[in-house]
There are 2 protein chains.
Amino acid sequence: MPDRDASVETIQRELTAFARRARAAAARMHPELSLVSFTLLAHLEDRGGCRATDLAAHYLLDKSTVSRQIAALERLGLVERRPAPEDQRAQVLHLTPRGAGTLAQVTANRRAAFRERLADWDEADLDRFAGYLLRYNASAGPLD
Amino acid sequence: MPDRDASVETIQRELTAFARRARAAAARMHPELSLVSFTLLAHLEDRGGCRATDLAAHYLLDKSTVSRQIAALERLGLVERRPAPEDQRAQVLHLTPRGAGTLAQVTANRRAAFRERLADWDEADLDRFAGYLLRYNASAGPLD
DNA sequence: AGGTCTGGTTGTATAGTACAACTTAAAGGG
DNA sequence: CCCTTTAAGTTGTACTATACAACCAGACCT
C-alpha cells in the first residue's frame with residue numbers, strides 16, 4: 001500500500017542515516033585513503049589526469065582544499081604534477097604507478113565490500129536500485 | 001540487460017557520490033544545524049529524551065564528541081539536561097520548546113526539498129526505492 | 001603596456017572527530 | 001561495610017577536512 005509521503009519520508013531518513021555513517025565507514029574500510037582522497041584519485045584515473053581546478057569544479061570544493069589534498073597525496077607519492085603544455089600556470093595531475101596501485105587496492109576492497117553486502121539481492125533488484133540511485137543523483141542540482 | 005557487477009558498481013559509485021555531497025548539502029539546506037546536530041535532535045525527539053551515552057552508542061560516536069555537540073546545542077538553547085532519577089551520574093537530555101521548534105523547521109525544509117526532488121517519481125518507484133534503501137541500510141552491520 | 005582573469009598556494013579560522021586522562025558515582029564481592 | 005571495578009560525563013590535546021581571503025604568477029585582451 002504505497003503512500004507517497006511515507007515513501008519520501010523513508011527515503012529521506014535512510015539517505016540521512018547513510019550519509020551520517022559514510023565517511024567513518026570509508027575510513028574504516030580503507031584507513032589509508034579518505035573518501036575524498038579516494039574520489040580524487042578515482043577521478044584522475046578516470047580522466048587520465050586533470051588540473052586541480054577541474055577537480056575543485058567537479059566536486060564543488062574550494063581550490064585551497066584541493067590544493068592541500070593534492071599536496072598530501074603527492075607527499076604520499078600517489079600523485080605527481082606535470083607541467084601543462086600550453087599554460088605555465090597550470091599543472092596536470094597524474095596518478096603515479098604507486099597511486100594507481102593504491103587506488104586499485106582500495107577499489108578492490110570497496111568492490112568486495114559492496115558485493116558482499118549485496119550478495120543476496122537478486123539481479124533485477126540490483127538493477128532497479130542502481131537505476132534509482134542514478135536517477136536520484138541526477139536530479140540533484142550541482143548544489144546538492 | 002542487467003549485469004550483477006555493473007549494477008553493484010553503479011550502486012557503489014552513486015552512493016559514494018551521494019556521501020561526498022551530503023554534509024555540505026545539509027549545511028546549505030539548514031546552516032543553523034549540522035547533519036549530526038540534526039540527527040541528535042531528531043533522536044531526542046524520537047525517544048522523548050535519552051542520555052548522552054545512548055546517543056554515542058546509537059551513532060557510534062565517541063562520548064566526548066557527543067558531550068561537545070550537546071554542550072553546543074545547550075548553548076543554543078535547543079537542548080536541556082535533567083537529572084536522571086535513578087543515577088546521579090547521568091543526565092537525561094530533552095529538547096527544549098525552542099529545540100523542538102528548530103527541529104520542526106529544519107525537518108519541514110528537508111521534507112520540502114526531498115519532496116521537490118522526488119516530485120516526478122511515480123508512487124510505485126518511490127515505494128520500491130524506499131524499500132531498497134531500507135534493505136541496504138539494514139544489511140549494514142553497525143560497523144558500516 | 002596595462003588591466004583583468006585564471007591556476008594555484010598559503011594564512012587563518014572553524015567544525016567535527018578521536019583518544020586519553022580525569023572526576024564522580026554506582027555496583028559487586030570479599 | 002569497605003574496596004575494587006565499572007559507567008557517565010567532561011576536558012585537554014591533536015588531527016582532518018573544509019572555507020574564505022590574500023596573495024603570486026602567468027595568460028589574455030584590447
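Naming: A, B, ... by sequence-line order, numbering from 1 per chain. Worth saying up front: this structure is predicted, and the values here are computed from it rather than measured.
- Using a cutoff of 4.0 Å between basic side-chain nitrogens and carboxylate oxygens, A:Asp5 and B:Arg115 are scored as salt-bridged.
- Atom-to-atom, CD of A:Gln69 to P of C:dT9 comes out at 13 Å; the value is rounded to the nearest Å.
- No salt bridge links B:Arg51 with B:Asp87; every basic N to acidic carboxylate O contact stays at or beyond 4.0 Å.
- In this structure a side-chain-to-backbone donor-acceptor pair under 3.5 Å is present from A:Arg98 to A:Leu76.
- Across residues 31-38 of chain B, B:Ser34, B:Val36 each have a non-hydrogen atom less than 4.0 Å from an atom of DNA chain C (numbered order).
- In this structure a side-chain-to-backbone donor-acceptor pair under 3.5 Å is present from A:Arg117 to B:Tyr136.
- The separation between A:Arg20 atom CZ and C:dG16 atom P is 14 Å, rounded to whole Å.
- Ion pairing between A:Asp54 and A:Arg47 fails under the 4.0 Å rule for side-chain N and carboxylate O.
- Two different hydrophobic clusters hold A:Leu134 and A:Leu118 under the rule that ILVMFWY side chains link at heavy-atom gaps under 4.5 Å.
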Give me the distances for all protein-to-nucleotides 20-27 of chain D N/O pairs that come in under 3.5 Å?
{"residue": "D:dC20", "atom": "N4", "partner": "A:Ser64", "partner atom": "OG", "Å": "2.6"}
{"residue": "D:dG26", "atom": "N2", "partner": "A:Arg89", "partner atom": "NH1", "Å": "2.8"}
{"residue": "D:dA27", "atom": "OP1", "partner": "A:Gln88", "partner atom": "N", "Å": "2.8"}

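- Partners of A:Arg68 according to the side-chain hydrogen bond (donor to acceptor under 3.5 Å, both in side chains) rule, which considers only residues two or more places apart in sequence or in another chain, do not exist here.
- A cation-pi contact links A:Arg110 to A:Phe38, judged by a cut-off of 6.0 Å to the six-membered ring centre and 45° from its axis.
- One atom, CD1 of A:Ile70, and another, C1' of C:dG7, lie 13 Å apart when rounded to the nearest Å.
- Residues from residues 40-52 of chain A placing a heavy atom under 4.0 Å of any atom in DNA chain C, listed by number, are A:Arg51, A:Ala52.
- Atoms CZ (A:Arg75) and P (D:dT16) sit 9 Å apart, rounded to a whole Å.
- Under 4.0 angstrom from either OP1 or OP2 of D:dT10 there lies at least one side-chain N or O belonging to B:Gln91.
- Side-chain N/O atoms of A:Arg81 include one lying less than 4.0 angstrom from OP1 or OP2 on C:dT9.
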Using atom names, set out every protein N or O paired with an N or O of nucleotides 2-4 of chain C below 3.5 Å, distance rounded to 0.1 Å.
none

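- For the pair A:Leu76 CG and D:dT16 P, the computed distance is 11 Å after rounding to whole Å.
- In terms of modelled atom types and a separation under 3.5 Å, the side chain of B:Arg23 and the main chain of B:Val36 share no donor-acceptor contact.
- Per the geometry, NE2 belonging to B:His30 stands 16 Å off P belonging to C:dA15, to the nearest Å.
- Using a 4.0 Å cut-off, no side-chain N or O of B:Arg28 falls inside it from OP1 or OP2 of D:dA19.
- Evaluation of the side-chain hydrogen bond (donor to acceptor under 3.5 Å, both in side chains) rule for B:Gln105 yields B:Asn109 as partners, not counting sequence neighbours.
- Using the six-membered ring where Trp is involved, A:Tyr132 and B:Phe129 have ring planes that are tilted, between 30° and 60° apart.
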